[in-house]
Amino acid sequence: MNQNIIIRNISVVDEKAQSDKCYDIYICDGIIKTVGIAPEDASALVIDGTGLTAFPSFFDMHVHFRDPGFTHKEDIITGSAAAAAGGVTGVLCMPNTNPPVDSEETINYIREKAAQTGIDVYQTACITSGMKGEKLADFDMYKRLGVAAVSDDGKPVKNAELMRQALINAEETGLLVTSHCEDMDIIGKGIMNKGAVSEKLGVAGMDRASEDSITAREIALAGAAGTRVHIAHVSTEGSIGFIRDAKKRGLKVTCETCPHYFIFTEEKLLARDADYRMNPPLREKRDIDAVAEAVMDGTIDCIVTDHAPHAADEKSDFEKAPNGVVGLETSFAATLTYLYHTGKITLQKISELMSENPRKLLGLEPVYIREGSTADICIADINREWTVDPDRLHSKSHNTLFKGITLKGKPVLTISKGKIIFSEMKS
Ligand code: DOR
Ligand code: ZN
């Protein structure tokens, strides 16, 4: 049984809590028993929460843990440690492993390994067998095994009729479809956003139409079929326009973005450093402004990381490196720094984007800092400044685009089901 915990005198982020007040949180047997004044419990671990803030722990619905097959980049255990350090106690993994996640054997392998982590690891399985884009995988089998969503993340399902069938089957089975919206033919040999910087560097670019066109297609397909569709890692002004319009029309379209899409532009690529390369790529000023605006007005439902670890030697050649950046340990801090401390969104809104909405989208019970809720808590010092040192990350890979950047705010203690799984508390 877990040790009971009392966190004294802490600010609480919850709709029902007053932001100018401090509370004691009493955790008993993994459940929040009191938010108010803690009862006497001589056996409890007492934590001084003065100056700190308690958030419902975060849920990242877009991560790549590379396990099985690419465990030199990350594995389920190290990925979960990175999550814990970011205040994240639940993740949804993408299926582009080796083999890709489309069989009972692979799903069971992941589930058994995930049980050794202190966090909730959910799995997305492939839409098409082997992610080959040829035939739909067995969604009934997925559902039976507890798979939460389907995606061919890394690319879209090229054949629109196959995608339409996938949306219909997934709706019937109760699986969320997450679509990676990039037309691979438009991308061609592109390695970064097509624009002034790619031209300056003399490298092939990815035209923004690659993203806009597939986003529009998915909305059209889901709209006509009356199904849900979730648009992954939105990065363009154009995509946002289509999604905002779809929501206005009452379609069941949801979407996510990553911190780098509201913070950095293609200018970062001028250093010819592959740590700034990902799919979709960093875009332009008008795009990061549009993404921030869409986070503020509710067009964007969730902030995710697209945590995509790659080894240092793989990232060493600017033009040949694989795309992707790690993000689990910086996502909350970056969101605080660039959206909260700039006055664009509230702490409650961060909680909705990073904790409540992703869990709801997947049909999971949201966690709150309330009596009776599971004790899944991120305790943060929202004013602590720290400089991101890639070598100090818990992830096996260090390809962070926040390297050397000073962020304001940091998780200092993460509690998963009443158990402390990460602590950086100063004693
Ligand atoms: O940059 C990316 N990397 N985008 C993706 O969609 C896939 C990911 C990966 O698996 O490395
Ligand atoms: Zn993707």
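As the structure lists them, so they are numbered: ligands from 1, and atoms in each ligand from 1. Numbering of residues begins at 1 and proceeds along the displayed sequence.
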Practice task
Kindly give the atom name of the N, O or S atom of Asp153 closest to the Zn ion (ligand 2).
Solution key: OD1
Handout entry: Pairwise salt bridge (charged side-chain N to carboxylate O under 4.0 Å, His left out) hits with a residue in residues 127-136, at least two apart
Key = none
Exercise for the section: Kindly indicate, with the supporting measurements, whether the criterion side chain to side chain contact (heavy atoms under 4.5 Å, CB included) is fulfilled by Ile127 and Phe139. Expected result: CA-CA 8 Å; Ile127 296 176; Phe139 291 7; 4.2 Å; yes
Problem - Pairs involving residues 137-165, ordered by first then second residue, that meet salt bridge (charged side-chain N to carboxylate O under 4.0 Å, His left out) (sequence neighbours left out) - result: Glu104-Arg144, Lys158-Asp185, Glu161-Arg164
Problem - For the Zn ion (ligand 2), the closest N/O/S atom belonging to His233 - result: NE2
Handout entry: Lys410 and Glu424 ion-paired at < 4.0 Å
Key = yes
Exercise for the section: Classify the ring geometry between Phe59 and Tyr122 as parallel (under 30°), tilted (30 to 60°) or perpendicular (over 60°). Expected result: tilted
Practice task
Give the protein residues with at least one non-hydrogen atom closer than 4.0 Å to an atom of ligand 1, ordered by chain and number.
Solution key: His64, Arg66, Asn96, Asp153, Gly154, His180, His233, Met278, Asn279, Asp306, Ala308, His310, Asn323, Gly324
Handout entry: Of all pairs that satisfy salt bridge (charged side-chain N to carboxylate O under 4.0 Å, His left out), the ones with a partner from residues 300-316, not counting sequence neighbours
Key = Lys73-Glu314, Lys247-Asp301
Problem - the Zn ion (ligand 2) contact by His180, N, O or S atom under 2.8 Å - result: yes
Handout entry: Ring geometry between His394 and Phe422 (parallel below 30°, tilted from 30 to 60°, perpendicular above 60°)
Key = perpendicular
